[in-house]
Amino acid sequence: VFRNVQRVSPTVCRSFCSGKSSLVNALQTELASLPTPPSLAPPSAFTLEDVPGHAAVELSAKQGEESIVVRFEIPAAMPVDTPAQELEIRFEVLIERKGKGSASFCCHTISEGYELDSIAYLASGDNPDDAYAGPNLDDLEDDLQAALSDYLIERGINPELTAFLQNYISQTKEPSEYNRWVKGLHTLLA
């Protein structure tokens with residue numbers, strides 16, 4: 001079964017082992033320089049759920065009969081050295097009323113707030129992947145656009161919340177996951 005196996009010379013092995021040890025040394029140096037990310041409190045109406053090792057984060061709140069969930073995550077291409085207020089974070093606001101369904105508001109942060117990208121209505125039990133994403137929001141009447149904005153503001157989806165999303169990703173979540181990644185690699189290779 002192993003007829004064409006080639007022997008590895010001791011020189012190749014030493015080269016591999018020294019490459020591994022230089023990587024371990026570089027990881028140790030990186031570990032020693034890693035600061036502890038700050039803990040940031042969410043806006044007062046919301047509870048934060050952040051699972052280490054997961055890119056996604058959730059904020060949740062109850063308001064009357066409504067359950068409000070804000071989902072956001074580390075951008076796939078996290079820009080380096082970008083001020084938090086300039087980060088574009090995509091997020092979803094899911095507002096549910098038991099027995100009446102839910103609405104999914106897809107948004108993204110901008111420098112001082114957010115823009116609403118789409119709104120999907122989901123009847124109870126609907127699959128979100130199959131839902132109609134709604135019309136082009138720019139085609140809606142101005143008063144309907146304003147009413148949608150007011151609706152979200154009344155539920156705490158405002159510039160304070162979007163600043164929290166940007167700060168949390170840039171100051172806490174991404175650095176924490178980076179620290180975890182470096183520690184994991186070091187543990188694996190040391």
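Below, each value reflects all heavy atoms present in this structure, side chains not excepted, and no hydrogens, waters or symmetry copies.
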Are L185 and V24 linked, directly or through other ILVMFWY residues, by side chains that come within less than 4.5 angstrom of each other? yes

Closest heavy-atom pair, A120 versus Y132, reported as atoms and distance to 0.1 Å, is CB-O, 3.3 Å

Closest non-hydrogen atoms of E112 and P159, given as atom of the first, atom of the second and distance, are O-CG, 4.4 Å

From the list L152, V93, L137, side-chain contact (heavy atoms from CB on, under 4.5 Å) with I119 holds only for L137

CG (L87) and OG1 (T109) are apart, to the nearest 0.5 Å, by 7.0 Å

Can you check side chain to side chain contact (heavy atoms under 4.5 Å, CB included) on L148 and L140, steps first, answer last?
-> CA-CA 10 Å; L148 287 167; L140 298 177; 3.9 Å; yes

When rounded to the nearest 0.5 Å, the distance separating OG1 of T187 from CG of L27 is 9.5 Å

Inset, instruction - Take H108 and L116, measure what side chain to side chain contact (heavy atoms under 4.5 Å, CB included) needs, and give me the verdict at the end. - result: CA-CA 7 Å; H108 68 274; L116 184 56; over 6 Å; no

Here the ring-ring contact (aromatic ring centres under 6.0 Å, His included) pairs for residues 160-190, sequence neighbours left out, are F164-Y168, Y178-W181

Task: Side chain to side chain, L59 and F91, heavy atoms closer than 4.5 Å - done: no

Residues passing the salt bridge (Lys or Arg N to Asp or Glu O under 4.0 Å) test with E177, sequence neighbours excluded, are K173

Charged N to carboxylate O under 4.0 angstrom, E65 versus K98? no

Would you say the side chain of S60 lies within less than 4.5 Å of the side chain of V70, judging by non-hydrogen atoms? no

CG (D117) and CD (E92) are apart, to the nearest 0.5 Å, by 11.5 Å

Taken to the nearest 0.5 Å, the spacing of I110 CD1 from I89 CD1 works out to 13.5 Å

Looking only at heavy atoms, the pair that brings Q63 and E154 closest together is NE2-O, 3.2 Å

Any Y151 side-chain heavy atom under 4.5 Å of F105 side chain = yes

Output for pair (S102 OG, L94 CG), nearest 0.5 Å, gives 4.5 Å

Query - Heavy-atom check, side chain of L40 versus side chain of Q171, under 4.5 Å - result: yes

| query | Do the side chain of E96 and the main chain of S124 share a donor and acceptor less than 3.5 angstrom apart? | reply | no

Note: G156 and L161 closest approach over all heavy atoms is O-CB, 3.5 Å

Carefully, step by step, assess R90 and E88 under the rule salt bridge (charged side-chain N to carboxylate O under 4.0 Å, His left out).
CA-CA 6 Å; R90 298 207 165 275; E88 181 179 305; 3.1 Å; yes

| task | Please check if L31 and L188 belong to a single hydrophobic cluster, counting links between Ile, Leu, Val, Met, Phe, Trp and Tyr side chain heavy atoms closer than 4.5 Å. | result | yes

What one should report as the nearest heavy-atom pair of I169 and M78 is CG2-CE, 3.7 Å

Distance col, row E174:CD vs N179:CG, nearest 0.5 angstrom, shows 9.0 Å

Side-chain contact test, heavy atoms from C-beta onward, threshold under 4.5 Å: evaluate it for F46 versus I68 and give yes or no. yes

